[in-house]
Structure formats: structure tokens, C-alpha cells
Amino acid sequence: GQQVMQIPQYQHVQEGEDFTTYCNSSTTLSNIQWYKQRPGGHPVFLIQLVKSGEVKKQKRLTFQFGEAKKNSSLHITATQTTDVGTYFCADRGSTLGRLYFGRGTQLTVWP
Amino acid sequence: DTEVTQTPKHLVMGMTNKKSLKCEQHMGHRAMYWYKQKAKKPPELMFVYSYEKLSINESVPSRFSPECPNSSLLNLHLHALQPEDSALYLCASSQGLGQGARQPQHFGDGTRLSIL
């Protein structure tokens, strides 16, 4: 099945520092969705990237889709304690209904 | 606030019990999903329903039995579970399974299941 690699698994930052998580695949990704799961919570949809080279911003969050559609990244500028959680990328793949999740990056922010 | 409602939020059951997890959405979504999530892992797909018909069964053991009574409801019937089945069970819904449209999945809060 589709393999989506996500790194790093854990990231600890001081509040105000930047944070980036990366997803990549050896095969072309269909489209990438990003989800955030707070501790004790459920995954919440953040954004979807469909086009090659696409860049989208949501306030301090910047999402990118690689030109070859084989990688994607999420960058947070000046992290805040409210950014704490696990960020998952997921590829829709070619099988309808299936999302291929990366393993997630657990972000901890020290005040 | 989540638009996908799951009950119960917590469930403790013995290995011989029979229980059911319930999920409800009123967004008019036609695809509904069950996921299992262990700590520090991504959600693992179990079942997908599309227009109330089972579309995907990810080789889930028969002690888990899904049911979709109507387009708004999704149940997961549990029987003779094992301790390793303890996990967070998440329900999700999306507009449909079409490739062309934007199809984010909306997750419920989940049911935290513990098997004694």
C-alpha cells in the first residue's frame, strides 16, 4: 500500500521558535491532507493540498506541496503553547475512502 | 465542538461482554468511517461505508461488526474482545468518496475502550 513517511517523530521547541514537519513518499502523492490532534483529542482537518508546488497559509502555518508531488511540509512560525499536539499528514491515494497517514509529529512547546 | 457525535466517550468491558459504539452526523455526509487508534500512533482504518453500504473492510476480526442503519448513523458492535483491542475508536465522516471533490474527514471525539 501507499507509504507516507513523516519526520521527525517528536519535536520539542521553546515558545517563539519555529517548527517544521515533513512528509515524503517514493511514489506520487494524490493529494495531501494535514490534521492536528491535541492531547486527548481527535484529529482535526487543517488543510488539503492538491496542486504541484502549492503553498497555502493559515496565519502562522504554512503548508507546501512539492513540485513532484512526492513531499509536503507544514511550517509553524513563532510557536505558541496552543500549537501543542500531533500533526499528521495523510495522502488520499488511489483507493476511494482510504487515507494513508504518516506516523505523525508530536510537538511540545515549552513556555 | 465536533459535528460528529460518538457515544459513549469511555467504555470498560470484559472479554465476554457485548457492547456497541455509536456515531451520528447531521452534515449530510454519505461516507462514514471507523478507525482504531493506539497511543502515539496514527489512526488505522477499520471500515468504510458509502451510501450505507460497506465499501472497505480492512480485514478486521469478526469480533468487530459494523452497521450503518441510515445515512446519519454508524454503529460498531463489539463481542468477545481481547485486551489488545483497548484503544481509542474514532468515527469520521466525509461528503463522499469521490476523487474530484475536496473530501476532508470530520472526526468525532472517539470512544476510549478498555478491555479487562
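Note that this is a predicted model, so its numbers are computed, not measured. Keep in mind that the numbers below use all heavy atoms, side chains included, and drop hydrogens, waters and symmetry copies. Each chain gets a letter, A, B and so on, in the order its sequence line appears, and its residues count up from 1.
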Next item on the list: Flag yes if more than 12 heavy atoms outside B:M15 fall under 6.0 Å of its CE atom; otherwise flag no.
Entry: no

Next item on the list: Indicate if A:I32 and A:Y100 have the same hydrophobic cluster label, given that clusters are the connected sets of ILVMFWY residues with side-chain heavy-atom separations under 4.5 angstrom.
Entry: yes

Margin query: I'd like to know whether NZ of B:K38 has more than 12 heavy-atom contacts from other residues, nucleotides or ligands below 6.0 angstrom.
Written below: yes

Note to self: Please classify the contact of A:Q37 with chain B as side chain, backbone, both or neither, using a heavy-atom distance under 4.5 Å.
What the structure shows: side chain

Note to self: If you count heavy atoms of other groups shown closer than 6.0 angstrom to CZ of B:R30, is the number above 12?
What the structure shows: yes

Margin query: More than 12 heavy atoms of other residues, nucleotides or ligands under 6.0 Å from OH of A:Y22: yes or no?
Written below: no

Margin query: Under a 4.5 Å cutoff for heavy-atom pairs, which residue among A:A90, A:G102, A:P43 has the most contacts with chain B?
Written below: A:P43

Item checked: Shared hydrophobic cluster, A:V44 / A:F88 (ILVMFWY, side-chain heavy atoms < 4.5 Å) -> no

Notebook entry, point to check: To the nearest 0.5 Å, what is the distance between CD (A:Q33) and OG (B:S94)?
Noted result: 8.5 Å

Check: Can you check whether B:L45 reaches A:R98 side chain to side chain, under 4.5 Å on heavy atoms?
Finding: yes

Check: Which of the residues B:A39, B:G110, B:S55, B:P43 is involved in the greatest number of heavy-atom pairs with chain A at under 4.5 angstrom?
Finding: B:P43

Notebook entry, point to check: Non-hydrogen atoms of chain A under 4.5 Å away: do they reach the side chain of B:Q105, the backbone, both or neither?
Noted result: both

Notebook entry, point to check: A:H42 versus B:Q6: any side-chain heavy-atom pair under 4.5 Å?
Noted result: no

